[in-house]
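Structure record follows, encoded as structure tokens.
Every chain is numbered from 1, with letters handed out A, B, ... down the list of sequences.
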Amino acid sequence: MGFFQMLVQQLLNGLSQGAIYALIALGYTMVYGIMRLINFAHGDVYMVGAFCGFFLTADLHWPFPAALVASMLLTSLLGMIIERAAYRPLWNAPRLTMLITAIGVSLFLENLFIVLVSPDPRTYPAGVLPQHTFQFFGGVRFTLNDVLFWGVTAVLTFGLQFFVQNTRSGQAMRAVSFDSDAASLMGIDVGQTVSLTFAVGSFLAGAAGVLIGTVYQIDPLMGIMPGLKAFVAAVLGGIGIIPGAVVGGLILGEVESLVSWAGFSNYRDAVAFIILILILLVRPSGLFGSTAKEKV
Amino acid sequence: MLTIDKLEVSYGAIRALHGISLEVPDGSIVCLIGANGAGKSTTLKTISGLLRPRAGSIRYQGDEITHWAPKRIVAAGISHVPEGRRIFADQTVEENLRLGAYSRRDRAEVAKDLEFVYELFPRLRERRKQLGGTLSGGEQQMLAIGRGLMARPKLLLLDEPSMGLSPLLVREIFSIIQTINRQGTTILLVEQNAYMALGVASFAYVLETGRVALQGPAKELASSSEVRRAYLGG
Ligand SMILES: Nc1ncnc2c1ncn2[C@@H]1O[C@H](COP(=O)(O)OP(=O)(O)O)[C@@H](O)[C@H]1O
Ligand SMILES: [Mg+2]
């Protein structure tokens, strides 16, 4: 393979990892947008999604598409429960209280799963998905799995964009994100809208968890690193901005892939945090964030 | 139409309203005037359900609405145009207006009211595709009032609609407030611009540090020496 083929290969690999970051980052950004909370438990919701998919396919022998959808529904339910049980009672408390609670929820979910399913890594059953490798352009490869990652991510992100822009609930979400008191005065039920936001964000994280389970081992702590990186992706794109989260996730996936290719794979995880520091120094509102304040 | 009885509201340990009582008769314009920090906005926020009172009651058309959620209060016909306009700057003028009708399902009637708001504020029609945040201060106030009307309220709560506007615009806004009232909407108007407010209202209350200090027909208050000294500059 020539240099150019290898570059394309790395970019394709990065795209698959980036898709996962993007799906998780969307939940961070939506929850931040609506209640100014960095939901540190979000990476663990992704982990729970991966385990739902595992038990549905390995133990109940469900076909993959059914397991994927059911896991997404289960994680959205989990998201709503977390919001109701842990965050709603703190609505009038200082933000820091909620942030610390989020870390608590994260630790709770990780340890709960260590107890429930043991800390051992699991692998999705072989043959849960048909295997196929495509080759083009003088040796560049991608698999059916990659196609699934790209396809699911594309459908979900465009679906989300449509939902937020064109439905009544989406309109309510945008209004609450912008100004929750003003939204209340329009007759929008803010509590219900926040609940829906957690459901949608967790739905997407659940999808990411099941997708990753088809290629990597899963374990109860698997959500920590992708959770942090997806947070970086959300900040990179401009926290609170939906398209920003997708672009941020894809960029992060690509950068990691290129850094590994350049021979610095030991620094793969550090790159995300270097990006975080740079973006906070140079452009804290993110790539898509406006630096201008709105008119008074 | 609206009767408030001994309403007490606090922000944590800070008591903002110390038991105020007031009455808004059906079809009238009642104004609530007073200095900054007197508790005017707090009163409106409590009526619309954004704040929970510690004590007292709010009755509206025979219902005790004191502990209703904002959503239910809007659906019952009370629309609150908040201080500082609070329009959705990232959405277009028309999207803002449609959000005002969020609680309604009667699409055909909503379309009629949209038309009505555009007739009332032709400038909003010209700018309907523009983002709310790009409007001038006066246009934003028109948008905020128009958005409030989209709920088709029976009672409209207006919090300092003249704030930050040029005298010419203030007169325009006040004349529109009278038009809205003539078409059958009852109005509770909060103002620091006491002179203008007393000109359009039939009855007025003066708030001072969370208490009703004075009340009476607007004409009488406008000529009372106390009010003239404190709020009308002599
Ligand atoms: N969010 C808040 N937290 C604490 N105190 C508040 C808050 N809002 C208003 N207050 C206090 O309540 C009192 C009444 O305020 P407000 O109703 O806004 O007055 P007005 O609208 O008449 O200017 C003031 O003393 C103000 O400082
Ligand atoms: Mg005020």
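Residue A:Gln165 does not touch chain B at all, counting heavy-atom pairs closer than 4.5 Å. In this structure, chain A has no heavy atom under 4.5 Å from any part of B:Ile78.
In this structure, the separation between CZ on A:Phe178 and CG on B:Leu99 is 11.5 Å, given to the nearest 0.5 Å.
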Side chain to side chain contact (heavy atoms under 4.5 Å, CB included) between A:Asp181 and B:Arg86, intermediate numbers included: CA-CA 9 Å; A:Asp181 274 354; B:Arg86 308 284 284 265; 3.4 Å; yes
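Sparse packing is recorded around CZ of A:Phe108, with 12 or fewer heavy atoms of other residues, nucleotides or ligands lying under 6.0 Å away. Surrounding CG of B:Leu168 are at most 12 heavy atoms belonging to other residues, nucleotides or ligands under 6.0 Å away. In this structure, A:Phe273 places its CZ atom where more than 12 heavy-atom neighbours from other residues, nucleotides or ligands lie under 6.0 Å away.
For residues 39-52 of chain B, a heavy-atom distance under 4.5 Å to chain A picks out B:Ser48, B:Leu50, given by residue number.
Chosen from B:Ile87, B:Val81, B:Val74, the residue pairing most often with chain A at heavy-atom distances under 4.5 Å is B:Val74.
Shortest non-hydrogen contact noted between B:Pro70 and A:Ser184 is CB-O, 3.8 Å. Closest heavy-atom contact between B:Gln91 and A:Ala175: NE2-N, 3.9 Å.
Put simply, the side chain of A:Arg174 reaches to within 4.5 Å of the side chain of B:Glu95, judged on heavy atoms. Put simply, the side chain of B:Pro82 reaches to within 4.5 Å of the side chain of A:Leu185, judged on heavy atoms.
For A:Arg168 (side chain) and B:Tyr102 (main-chain N/O), a donor-acceptor pair under 3.5 Å exists by modelled atom type.
Remark: of the listed residues B:Arg147, B:His80, B:Arg98, B:Arg147 is the sole one forming a side chain to side chain contact (heavy atoms under 4.5 Å, CB included) with A:Met186.
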